[in-house]
Amino acid sequence: MLHGMYSQLRARVSPALWRHKPAAIAVLLGAGLVIPAAQADTQTAVTSNEQQACYVDGLSEQMQCGSILVPENYAKPEGKQIQIHYVVMPAIKPSDKVEALLAIAGGPGQSAIENAQGFDRMLTKVRQTEDVILIDQRGTGQSNPLQCIGDSFDSALADNESDFDTRVETQKCLETLDADVTQYGSLSALKDFEAVRQHLGYQKLHLYGVSYGTRMAQLYMRHYPEHLATVTLDGVVPMQQSVLAIGNAIARAFDLLIEDCTNNDLCHTQFPELRADLEKVDAELTQAPRISMVPDPLTGELTQLTMTRNKFKGALRMALYSPSTRSLIPHAIHQAAKGNFQPITGLYALGIDNAGIAMGMHASVVCGEDWQRLTPELRTKTSESYFGKEMLKTFAESCAVWSMPAVNADFAKPIASDIPTLLLSGELDPATPPSWGELAMEKLTNAKHFIAPYATHGVAYQSCGNDLIAELVDQGSVAELDAECLNEDIRRNFYLNASTVEAIPSDILDRRNEQTALIK
């Protein structure tokens, strides 16, 4: 009954999000080690392939595609070479070829090129005058991907994740990767980015990074500031912060969801005991999984569902990332409390592809840059939440297989910069809360941090944040940027049942009608 609705929502989920899959969903992890910052001359170490016209999925116009050859290990420039693929989305009305905008995807492990359609939609105004560059970061997309193949969706629905041996499966995955996985951390990738800039001949770059992409953008600010014009950090991961501290952000986002429903007359009337419903299902699944036959949310065919605590909480967590799926959560929780897990299965289906993340590259980054910076105090604090505890367990097992030495301690120092920088945070963000944006501001002397009160993760995809980016690129300054437009309520109305949403409040409806009239 619900598979059509979920299929439609699946197409609307924003790309390029920072997503840690919960541990017990049987996803295979790769391995990696980050080496210290570059000393090699990337320009002399690079061999390029000819750029040519091409098409990318989801876009009808021609782009320019190319690749460069770089050393897999920059300390061994004569050793193995890997291809770094890029796409240039040309400006509609180019003014010059001196500057361009580099859009950096999240993950870590997502392909920027595979998310071209989303970047194009979000950066339409920027593209009026500036080229937009997409680079598949090493280990992702077409750039020697470190991809570990997991189970099919049907198998994942039926599996009981408690049978999954993370250490054994991680080792199997590692053995399938044709790469020196120790060379796929952020600092090696940063050299690739700079090599692409040199190859294309741009003197200055505007940076847009979303989620994990904000870490790459900040590293660019630290190592190559002379080549940057402006920077936008959307869903900010400050250098000082280990991403494994995300558990508290998830718990905060759940609290905000329940608060929103409680303060909404229709939602509260339909789901008056939402927190109790959530706790009831969680307690039941802690005791034992629920096994049943359900319609596949994508095909409608009957398939076995083993609903575990991890699937349940993981599906809800992933739904918090997007306003479209967030609006389904109260109904899904309420139905689960009544023994109907079909809505939860639909939410689970939306995230089963792991957002296109190359899990080997993901592990290269997290184990080298985040896992080993956890202090005993932070481990204790992280363990206070369900998701934090699960992540600690997973990475303890997987990172032990990789034996990753930590990055240099300087890696985690705050970025000190006077480059014009816009920081965007969503108040409802389940991954990178506004407090992380404030932390990143510590030594940014020419920056503004705007919080969108109704946005989740990826503010520019959901709001006027894209207009602010275009204004920043055009003016080269944050001085005149105004956050007022971010106060537009872009939340989706809560689903009261499988097909009906709550009525739109009259003031919001009037405002939308006024906007429609202006457009006409």
Side-chain angles (χ1 to χ4, degrees), residues 2 6 19-27 156-164 166 244-262 267-268 270-292 294 297 304-322 325-352 380-394 428-431 433 456 494-498:
L2 299 180
Y6 285 108
R19 291 177 171 180
H20 286 282
K21 208 66 169 171
I25 296 177
V27 175
L157 283 180
D159 285 345
N160 185 338
E161 298 88 0
S162 63
D163 299 330
F164 181 72
T166 300
L244 295 179
I246 196 174
N248 290 331
I250 301 170
R252 172 183 176 275
F254 271 116
D255 288 340
L256 289 173
L257 171 79
I258 292 173
E259 180 181 327
D260 279 353
C261 183
T262 300
C267 187
H268 183 59
Q270 188 77 356
F271 314 116
E273 302 294 335
L274 188 59
R275 188 179 292 277
D277 286 346
L278 178 61
E279 292 173 352
K280 174 178 182 288
V281 179
D282 185 50
E284 290 175 353
L285 294 178
T286 299
Q287 296 298 316
R290 293 282 296 276
I291 300 175
S292 61
V294 299
Q304 179 180 317
L305 170 67
T306 304
M307 180 53 66
T308 62
R309 186 188 188 200
N310 190 275
K311 281 194 183 78
F312 174 70
K313 302 197 76 165
L316 294 178
R317 177 217 163 179
M318 299 306 290
L320 289 167
Y321 277 83
S322 163
T325 50
R326 186 178 186 268
S327 65
L328 289 160
I329 293 177
H331 169 68
I333 292 173
H334 185 64
Q335 288 299 306
K338 295 165 62 175
N340 174 19
F341 289 99
Q342 182 64 28
I344 289 292
T345 307
L347 292 178
Y348 180 74
L350 296 175
I352 193 63
T380 299
K381 186 174 180 61
T382 301
S383 297
E384 293 173 357
S385 71
Y386 169 80
F387 289 105
K389 187 181 300 182
E390 286 296 299
M391 289 177 189
L392 288 177
K393 176 184 176 183
T394 297
L428 308 179
D429 194 329
T456 56
F494 287 114
Y495 277 78
L496 301 180
N497 52 51

Requested in this report: For residues N160 and S162, report the shortest heavy-atom separation together with the two atoms involved.
Outcome: OD1-OG, 2.8 Å
Requested in this report: Using a 4.5 Å cut-off on heavy atoms from C-beta on, say whether the side chain of F341 contacts that of S292.
Outcome: no
Query raised in the report: So do the side chains of I344 and L316 get within less than 4.5 Å of each other, counting heavy atoms only?
Result: yes
Query raised in the report: For D260, which residues count as a salt bridge (charged side-chain N to carboxylate O under 4.0 Å, His left out) partner, sequence neighbours excluded?
Result: R326, R491
Report summary line: For V294 and L305, the nearest pair of non-hydrogen atoms, with its separation, is CG2-CB, 3.7 Å
Query raised in the report: Would you say the side chain of H331 lies within less than 4.5 Å of the side chain of F494, judging by non-hydrogen atoms?
Result: no
Requested in this report: Answer yes or no: is there a side-chain heavy-atom contact under 4.5 Å between R309 and Y386?
Outcome: yes
Report task. Could you please spell out the steps behind the salt bridge (Lys or Arg N to Asp or Glu O under 4.0 Å) verdict for D255 and R275? Result -> CA-CA 9 Å; D255 288 340; R275 188 179 292 277; 3.3 Å; yes
Query raised in the report: What is the distance from atom CD1 of I329 to atom CZ of R317, rounded to the nearest 0.5 Å?
Result: 12.0 Å
Query raised in the report: With a 4.5 Å heavy-atom cut-off, do L157 and Q304 have their side chains touching?
Result: no
Query raised in the report: Which atom pair, heavy atoms only, marks the closest approach of A319 to T325?
Result: O-OG1, 2.7 Å
Report task. Report, as yes or no, whether the 6.0 Å neighbourhood of atom CD on E384 holds more than 12 heavy atoms from other residues, nucleotides or ligands. Result -> yes
Requested in this report: Taking the side chain as every heavy atom from C-beta outward, state whether L278 and F312 have any pair of such atoms under 4.5 Å apart.
Outcome: yes
Report summary line: Closest non-hydrogen contact found for V281 with A336 is CG2-C, 3.6 Å
Report task. State, without any angle test, whether N310 and T308 hold a side-chain donor-acceptor pair at a distance under 3.5 Å. Result -> no
Query - Side-chain donor or acceptor of Q335 paired with backbone N/O of P343 under 3.5 Å - result: no
Query raised in the report: K313 side chain to D282 main-chain N or O, any donor-acceptor pair under 3.5 Å?
Result: no
Report task. Could you tell me the separation between the OG1 atom of T306 and the NZ atom of K311, rounded to the nearest 0.5 Å? Result -> 5.5 Å
Query raised in the report: With a 4.5 Å heavy-atom cut-off, do L274 and T262 have their side chains touching?
Result: no
Query raised in the report: Rounded to the nearest 0.5 Å, what separation is found between the CG atom of N340 and the CD atom of Q342?
Result: 7.0 Å
Report task. Would you check if L392 and S383 make a side-chain contact, meaning some heavy-atom pair closer than 4.5 Å? Result -> yes
Query raised in the report: Roughly how far, to the nearest 0.5 Å, is the CD1 atom of I333 from the CD atom of E279?
Result: 10.5 Å
Query raised in the report: In Å, rounded to the nearest 0.5 Å, how long is the span from OG of S385 to CE of M391?
Result: 8.0 Å
**Report entry** Set of residues satisfying side-chain contact (heavy atoms from CB on, under 4.5 Å) with respect to E284, sequence neighbours excluded
**Finding:** K280, R290
**Report entry** Which atom of P330 lies closest to which atom of S327, heavy atoms considered
**Finding:** CD-O, 4.0 Å
Query raised in the report: What are the two closest heavy atoms between L244 and T382, and how far apart are they?
Result: O-CG2, 3.2 Å
Query raised in the report: With no hydrogens and no angle check, is any side-chain donor or acceptor of K389 less than 3.5 Å from a backbone partner on G247?
Result: no
